[in-house]
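Comments concern the structure below.
All of these numbers come straight from a predicted model, not from anything done at the bench. Just so you know, residue 1 is the first one in the sequence shown, and it goes up from there.
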Amino acid sequence: MPTSSASTTDSAKSGSGGVQSLERAFDLLERMADAGGEVGLSELSASSGLPLPTIHRLMRTLVACGYVRQQSNRRYALGPRLIRLGESSARLLGTWARPYLARLVEETGETANMALLDGDEIVYVAQVPSKHSMRMFTEVGRRVLPHSTGVGKALLAGFPDTEVRALLARTGMPAATDRTITTPEGFLAALDEVREAGYAVDDNEQEIGVRCLAVPVPDSPTAAAISISGPAGRVTESATGKIVPVLQQVALELSEVLSNPGGTSV
């Protein structure tokens, strides 16, 4: 890894006990992700408050390691080596979530899922199946569009309407069933209901005969949601009142684990 004449200063311990240069480098990567994956040095300097020479030095190191690449227009983009880290992290995230999903199954009787927003798609990273003979099954790793899923609604309810409209314009809104919401106005109205109620419902919108209840995981390092899914005959309106508080409590407990830098165990 390249070194710099200013490494002594950048390697000084930060007030929290971390190495300052590492903290700064990861902060820049997160700012790049927040900006859509590609930024210029001046933008990073403005958002981070760091001087341009410091940013340039850190970016040179990240480029050399493959975590950032410099484009022909002189802007910087997230690099391909981050893909492997992200995939491994997503698998571990699913592993950490499984005990909490198992609790959901025990308390609700239905299949429990965890999903992330990855780009414009929903990806399922963990599932614990119901013990009923008739149960829902979603393959871990499956990707779906957010507009037809409970987890998609739960996640996008946390985004401004302008960003949601832009996402829907990119993905389109194909109908998975005759109950799927297929207009941006209809979907934004549904998100208003999610914000007011505190949970999202997929009512036969992804698959006929299946209902899903979902809530976001608050303060998750990446946008995440958990859900239960089951036959519409079991996941009824009356059952919703009992299931949602369990979902919300488990989401809070999972949030504490995911937002704890030191990690913990169930």
Side-chain angles (χ1 to χ4, degrees), residues 1-14 16-97 114-126 140-146 155-156 158-159 163 166-167 169-171 217 219-225 258-263:
M1 182 180 297
T3 58
S4 166
S5 60
S7 60
T8 301
T9 300
D10 274 344
S11 295
K13 293 287 185 82
S14 72
S16 62
V19 178
Q20 190 180 65
S21 58
L22 283 175
E23 292 177 351
R24 287 176 169 176
F26 283 116
D27 178 65
L28 293 179
L29 290 173
E30 291 190 2
R31 290 178 187 277
M32 292 179 70
D34 290 341
E38 181 179 320
V39 296
L41 291 183
S42 58
E43 295 168 60
L44 284 176
S45 180
S47 65
S48 69
L50 293 174
L52 279 171
T54 299
I55 293 177
H56 190 258
R57 183 170 61 251
L58 291 170
M59 296 300 278
R60 274 208 320 264
T61 299
L62 290 169
V63 168
C65 293
Y67 297 118
V68 169
R69 62 187 303 172
Q70 189 171 23
Q71 309 285 69
S72 58
N73 59 4
R74 308 294 292 173
R75 291 167 65 83
Y76 290 86
L78 296 175
R81 286 197 70 182
L82 290 170
I83 296 173
R84 183 168 63 91
L85 297 182
E87 290 175 344
S88 297
S89 179
R91 285 194 297 271
L92 285 173
L93 191 62
T95 300
W96 296 331
M114 183 177 187
L116 308 179
L117 183 63
D118 183 21
D120 290 345
E121 296 178 315
I122 296 297
V123 58
Y124 289 90
V125 295
V140 172
R142 181 188 179 198
R143 291 176 174 270
V144 295
L145 296 181
L155 289 169
L156 291 184
F159 286 72
E163 293 186 22
L167 182 150
R170 292 191 297 268
T171 63
V217 179
D219 303 317
S220 174
T222 187
L258 299 182
S259 60
N260 180 1

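Considering only heavy atoms from C-beta on, L117 comes within 4.5 Å of I122 through its side chain. Annotation: side chain of T61 is not in contact with side chain of Y67 (no heavy-atom distance under 4.5 Å). The shortest side-chain heavy-atom distance between R31 and V39 does not fall under the 4.5 Å cut-off. The shortest distance between side-chain heavy atoms of M59 and H56 does not fall below 4.5 Å. Counting heavy atoms from C-beta outward, L29 and V68 have side chains that approach closer than 4.5 Å. Between L167 and P146, some side-chain heavy-atom pair lies under the 4.5 Å cut-off. Between R75 and E43 there is a side-chain heavy-atom pair separated by less than 4.5 Å. A 4.5 Å side-chain heavy-atom check between L62 and M32 finds every atom pair outside the cut-off.
What you find for I55 and L41 is that their closest heavy atoms are CG2-CD2, 3.6 Å. Closest of all the heavy-atom pairs between L116 and A224 is CD2-CB, 3.5 Å. Closest approach of D27 to S48, counting heavy atoms only: OD2-CB, 4.1 Å. Taking all atoms of both residues into account, the shortest heavy-atom contact from L28 to L50 is CD2-CD1, 4.4 Å.
Going from atom CG of D120 over to atom CG of L156 covers 9.0 Å, rounded to the nearest 0.5 Å. Considering CG of L22 and CZ of R24, their distance stands at 11.5 Å, rounded to 0.5 Å. In this structure, Q71 CD and Y76 OH are separated by 10.5 Å, a value rounded to the nearest 0.5 Å.
The salt bridge (charged side-chain N to carboxylate O under 4.0 Å, His left out) search around R143 returns D118, E121, not counting sequence neighbours.
When the shell of 6.0 Å around CZ of R170 is examined, it contains more than 12 heavy atoms from other residues, nucleotides or ligands.
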